[in-house]
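Before any comments, here is the structure.
Each chain gets a letter, A, B and so on, in the order the sequences are listed, and its residues count up from 1.
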2 protein chains.
Amino acid sequence: MTGGTARRAPLSRDRVLGAAVALADSVGIEALSMRQLAQELGVVPMALYKHVANKDELVDGMVDVVLGEIDPAAPTADWRDAVRRRVLSAREVVVRHPWARKAIESRTRRTPTVLAYMDSLAGMFRAGGFSPDLTHHVMHALGNRMWGFSPELFEEPRDPSAPAPSPEQQEAMAAEFAERFPHILEIATAATSGDLSRVGGGCDEQFEFEFALDLMLDGFERLREQGWTSRRG
Amino acid sequence: MTGGTARRAPLSRDRVLGAAVALADSVGIEALSMRQLAQELGVVPMALYKHVANKDELVDGMVDVVLGEIDPAAPTADWRDAVRRRVLSAREVVVRHPWARKAIESRTRRTPTVLAYMDSLAGMFRAGGFSPDLTHHVMHALGNRMWGFSPELFEEPRDPSAPAPSPEQQEAMAAEFAERFPHILEIATAATSGDLSRVGGGCDEQFEFEFALDLMLDGFERLREQGWTSRRG
DNA sequence: TTGACAGGCGTACACCGTACACCTACGGTT
DNA sequence: AACCGTAGGTGTACGGTGTACGCCTGTCAA
């Protein structure tokens, strides 16, 4: 009966992964469970296991999905520009999917999609005149930054439900902090251009990311120029 | 009765944390559970909660313990040397406690111990002539490498229980790999000096770490020399 | 002697991933 | 038309997790 109440669309690997990505987008990766995902799909938990082997493989698949959102590599004369674009494009997708950071960090299996991305990046270095040897090391040096994220040194819980400390408590804490961690306080205030009220407010992650990325790329270029090699002689 | 069968030594926060570190050392962080830890201490699970608030706080404490194993900062004329020593000392302890990598990555709360370490590092940059502004950014650029580890691009499961693929299967896989990921294959063989049989064997992590660290430190020094600042004008 | 309290115990709950057996509907073969 | 293999959704159950809550007991100060 085509005109009756529409039957639930059948599951498929893609539908499962898509729903998982959407769910992780809204509740985070640590709240994503097979049971909740099943419920979201109007299905019993075990039904999922007909489409993914287990939860690990599910997360692998989710990572593949978001990696698929990275802009395909565009041909560029300049290796530096090519790498930079690619990585910043990757960054855009992990910003869209904040859980991807943890997911990628925790991943141990390298899926073909992951390998393909790394391969394309390696290819850019090679095309730019990097030796296989040097390419290898700069890929390591890039590390997780190739996926468009850097570790968050300070992640603020910013828990609004927590009871706000009284002003004098705040003052006391600030005083103790200033005594024990003067340099951190100093650079934190520098980061906010001296606006003390915004000290806890987090950093400009995009700036920090590009700063570090460019620093590395500069270093890479220098090593390439001077024909760096790991073999002594 | 002092001479009778010795009563179990009473629990304490330190004893709990010490046992947790030892347990994680032997079974890994993901196998560490409150129940198992309690059993190790000859105690009922809930007894632990009299000494740590919850599991998160337990892990925070464990991280603090291992950070305590880092060599105290020694006075050095050269900022570069000071930072390098400190970070490599940190690396020694995370190599001793492999689980610390994941633990630190997953941590969100910054304990005083963590802050103290970061503060001492920041202090080294400041003493070396870095502006607060620049210090801030280089700390971000250093990222998790300040804890002595870099992300593992390829972690091999190296599962010995998995059925070994037949030689022809292996050959077929290698051929497909070579076609799809030529650059990865190329740099992997470069890493083993052309010894194809060792391609899957992993990289020299220590070398990669120092390579990346020195690359960053070089970059930092250059920025310091030229009086880099994030403010335009 | 008393009574507060620190610290270990036992039970119980909600949640997790997933093994296993079952059912049911569909597509191709005879 | 009868059959049957199989893909895919269901239900139940098991062993694991973190931890809330109440109890009980030994220690020590008043």
Discussion item. OP1 or OP2 of D:dG9 versus the side-chain N and O atoms of A:His51: is any pair under 4.0 Å?
Written reply: yes
Worksheet item: Looking at D:dT19, C:dT18, D:dG11, which one has an atom nearest to any side-chain atom of A:Lys55?
Response: C:dT18
Practice prompt. Please determine if B:Arg91 forms a cation-pi arrangement with B:Phe209, meaning its NZ or CZ atom is less than 6.0 Å from the six-membered ring centre and no more than 45° off the ring axis.
Written response: yes
Worksheet item: Considering only side-chain heavy atoms of B:Ser33, which listed nucleotide, D:dG11, D:dT17, C:dC9, is closest?
Response: D:dT17
Worksheet item: Roughly, in whole Å, what's the span from CD in A:Glu57 to C1' in C:dG17?
Response: 15 Å
Practice prompt. Answer with yes or no after comparing the ring centroid distance for A:Phe207 and B:His137 against a 6.0 Å cut-off, counting only values under it.
Written response: yes
Worksheet item: Over how many whole Å does the gap from A:Gln36 atom CD to C:dA14 atom C1' extend?
Response: 14 Å
Discussion item. Just the rounded figure in Å: distance from C1' of C:dT18 to CG of A:Asp56.
Written reply: 13 Å
Worksheet, complete the sentence: When rounded to whole Å, the CG to P distance for the pair A:Leu11 and C:dT24 reads 20 Å
Worksheet item: What is the distance, rounded to the nearest whole Å, between atom CG of B:Leu48 and atom P of D:dT17?
Response: 13 Å
Discussion item. Just the rounded figure in Å: distance from P of C:dC16 to CE of A:Met34.
Written reply: 11 Å
Worksheet entry | Gap separating the CZ atom of B:Phe211 from the CE atom of B:Met216, nearest 0.5 angstrom | 11.5 Å
Discussion item. Quick check for you: among D:dT19, C:dG7, D:dG8, whose closest atom lies nearest to any side-chain atom of B:Pro45?
Written reply: D:dT19
Worksheet item: Where the side chain of B:Lys50 is defined as all heavy atoms beyond and including C-beta, which of C:dC9, D:dG18, C:dT18 is the nearest nucleotide?
Response: C:dC9
Worksheet item: When the distance from CD of B:Gln39 to P of C:dC9 is rounded to whole Å, what number comes out?
Response: 13 Å
Practice prompt. From the options C:dC9, D:dG18, C:dG17, select the nucleotide whose nearest atom is closest to the side chain of B:Arg35.
Written response: D:dG18
Discussion item. Using whole Å, what does the distance between atom C1' of nucleotide C:dG17 and atom CG of A:Leu58 come to?
Written reply: 12 Å
Worksheet item: Which heavy atom in B:Asp71 sits nearest to a heavy atom in B:Arg86, and how many Å separate them?
Response: O-NE, 3.1 Å
Item to complete: Select one nucleotide: of D:dA20, D:dT12, D:dG18, the one nearest the side-chain heavy atoms of A:Met46.
Response: D:dT12
Fill in: Residue B:Glu30 excluded, over 12 heavy atoms near CD under 6.0 Å
yes
